[in-house]
Structures are given as C-alpha cells and as structure tokens.
Amino acid sequence: MEIIYHGHSCVQIRDGDHSIVIDPFLSGNPLSVAKPEDLKVQYVLLTHAHQDHILDAVPIAKANKAKIVATFELANYMRWQGAETIEVNMGGTADLGFAKAKFVQAFHSSGIVLKDEKRMIYGGMPGGFIIQWNGITIYHAGDTALFSDMKMFGERHTIDLACLPIGDKFTMGPDDAVTAAVWLKAKQVLPIHYNTFPAIKQDAAAFGRLLSEHGIQCIAAVPGERFTLEKRSVIFASAP
Ligand code: NI
Ligand code: MN
C-alpha cells in the first residue's frame, strides 16, 4: 500500500487500481507538488468543511466520477456543487468496497465562509477517519485538539499509521500530538497540518525525536513524497 503526502492535511492512499484522497487542498497550497488534475481516485474523504480541507474536492470528484464521503451537512453542500456523495455521521462507516472508512469525532469547528455575503454555512460536526484496508489501519485525525477518546481508538483498533496535526494554533501542537500517538498506540505517525502557513510553522524533526522516545516512528514526509506501508512496518520511503 502506498501513501502519498500532498502537503497540509492531504493524504492519498493507493493500493493496486484503488485510491482515495483525504482533504484535498492542492491548488491553494504553494507547497503542493501535485495538481488536482493529477489525482486518480475513486473516493474523496472530507474531515470537515474548512477551505484548507475541501478546496479541490469537487473538481477531483467530478473529473474522476469519484464519490465524496463526508458528514451529512457537508455532503449536502457538496451535492449542491454537483458532486456525488456518501453521507456519514459520527461513528458511521462508509463501505468503499475495497476499504472501510469510519467517521469518528474530532474537537474542532466546521463551516463554510461566504465572504461576500458575510455569512457562514454550517458544515456539520468535524471528524476524522479510521480506514481499514487490506489488513492495514490508518487513522486520519482531521483538524483536532487532543481528546481522551483517542485512547479508545487505540484500544479498539490496531493503528498502523496515524496522520496527526502538529501545527498548533488551529489544532493540537507537537506535544499534544505525541500524547495522541501514545494513546492511539500508533506504530507510525505522519505529521500533517504544519508549515503550510507561517502561523503553523513546526519542526517535524524535533517532533520525530519526541515520538522516538516512545518507540513510535515519525514519517516526516515533504509534500509530494510517497512511502510504502505494510502492516506494522514502513519498508520504503522516497523523495518526490
Ligand atoms: Ni479546520
Ligand atoms: Mn485546517
């Protein structure tokens, strides 16, 4: 199974002909190597409605005839933009055929800002995804603070890779993300949601050193970098 980090919170997972992307934010991210039109996916998973997570969702979904998986309110909004969707809500699982994606809680907010109209569209509860695919479990936390139910996720799932925000300010920072990784009993952590803007600048190498004190491996990928994930081990990492 191949993981491609596209920068910010955008993570693509690929196995054979099957691929999904989570939180596509490419055209608005100067650090992104890939363009929305480069992505070939069957599903687009959205953790919440903020612009830095949904920006390229509709174009990617339309170009690929891919379905968008999102919580009820956000899925409705995506349908208004012409996308096909699978609606979920807290604790619910979307069956993707080749994989299962469970929508789980996050502590954050979720809304679409209509600047000109000076109003906000409610985006539903923000969440994360626990993805089970060919015996591998990947947790994408979305944007979140540290919360103690992560212990429950760690008890109930064998998490091979946790994609955790470390940027601070809008999400948890590196110290809380280390605690999250420990509670999740994650084998490997891909830090996300950092360095995209000055406000969320972080030192991924320092974060990796903190993780290693707990025997957890940090995969500090740069945008465009891909690595192969096998159950309980990373076997190969390459530059973009
Ligand atoms: Ni957000
Ligand atoms: Mn965000």
Side-chain angles (χ1 to χ4, degrees), residues 3-13 20-34 36 39 44-61 68-78 81 88-90 101 103-115 119-131 138-147 149-150 161-177 180-181 189-204 207 220-223:
I3 311 292
I4 309 165
Y5 179 56
H6 290 299
H8 205 53
S9 293
C10 183
V11 178
Q12 186 179 356
I13 309 170
I20 66 173
V21 65
I22 307 154
D23 286 358
F25 176 65
L26 307 170
S27 61
N29 182 0
L31 303 178
S32 175
V33 176
L39 270 61
V44 179
L45 277 54
L46 302 179
T47 61
H48 66 293
H50 288 155
Q51 196 68 0
D52 59 320
H53 299 259
I54 68 168
L55 185 67
D56 300 315
V58 170
I60 290 170
I68 294 178
V69 181
T71 198
F72 176 76
E73 289 81 1
L74 180 54
N76 269 277
Y77 179 79
M78 288 291 147
Q81 322 300 318
V88 287
N89 213 321
M90 288 303 142
F103 191 61
V104 294
Q105 61 268 44
F107 273 85
H108 192 62
S109 64
S110 186
I112 294 147
V113 179
L114 302 180
K115 238 184 214 164
R119 68 184 183 94
M120 204 82 73
I121 296 177
Y122 174 58
M125 287 265 291
F129 287 98
I130 296 175
I131 298 157
I138 298 167
Y139 169 53
H140 189 296
D143 281 1
T144 188
L146 178 66
F147 58 93
D149 277 354
M150 287 179 180
L161 177 71
C163 309
L164 301 177
I166 66 162
D168 215 333
K169 189 138 199 307
F170 303 108
T171 67
M172 59 187 175
D175 288 349
D176 283 353
V189 171
L190 173 70
I192 59 173
H193 211 271
Y194 71 104
N195 286 359
T196 319
F197 318 108
I200 55 172
K201 190 147 182 58
Q202 294 296 339
D203 181 348
F207 173 66
V222 296

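Remember, it's 1-based here, ligands and their atoms both numbered in the order they're listed.
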Item to complete: For the residue pair Asp52 and His193, confirm or rule out a side-chain donor-acceptor distance under 3.5 Å.
Response: yes
Fill in: Distance-only side-chain donor-acceptor flag, Thr196 / Asn29, under 3.5 Å
no
Atom [atom1] in [X], atom [atom2] in [Y]: separation rounded to 0.5 Å?
X      : Y      : atom1 : atom2 : answer
Ile3   : Leu190 : CD1   : CG    : 8.0 Å
Ile192 : Ile22  : CD1   : CD1   : 8.5 Å
Ile131 : Leu45  : CD1   : CG    : 5.5 Å

Practice prompt. Measuring from the Mn ion (ligand 2), count protein N/O/S atoms under 2.8 Å, please.
Written response: 4
Discussion item. With a 6.0 Å cut-off on the ring centroids, do Tyr139 and Phe129 count as close?
Written reply: no
Item to complete: Sequence neighbours left out, what passes ring-ring contact (aromatic ring centres under 6.0 Å, His included) with Phe25? Give chain and number order.
Response: His8
Fill in: Results of ring-ring contact (aromatic ring centres under 6.0 Å, His included) for Phe107 - residues two or more places apart only
Phe147
Practice prompt. Kindly assign one of parallel, tilted or perpendicular to the pair His53 and His48, based on the angle between their ring planes and the thresholds 30° and 60°.
Written response: tilted
Response to the item:
Within a distance under 2.8 Å of the Ni ion (ligand 1), the protein atoms of type N, O or S are His48 NE2, His50 ND1, His108 NE2, Asp143 OD2
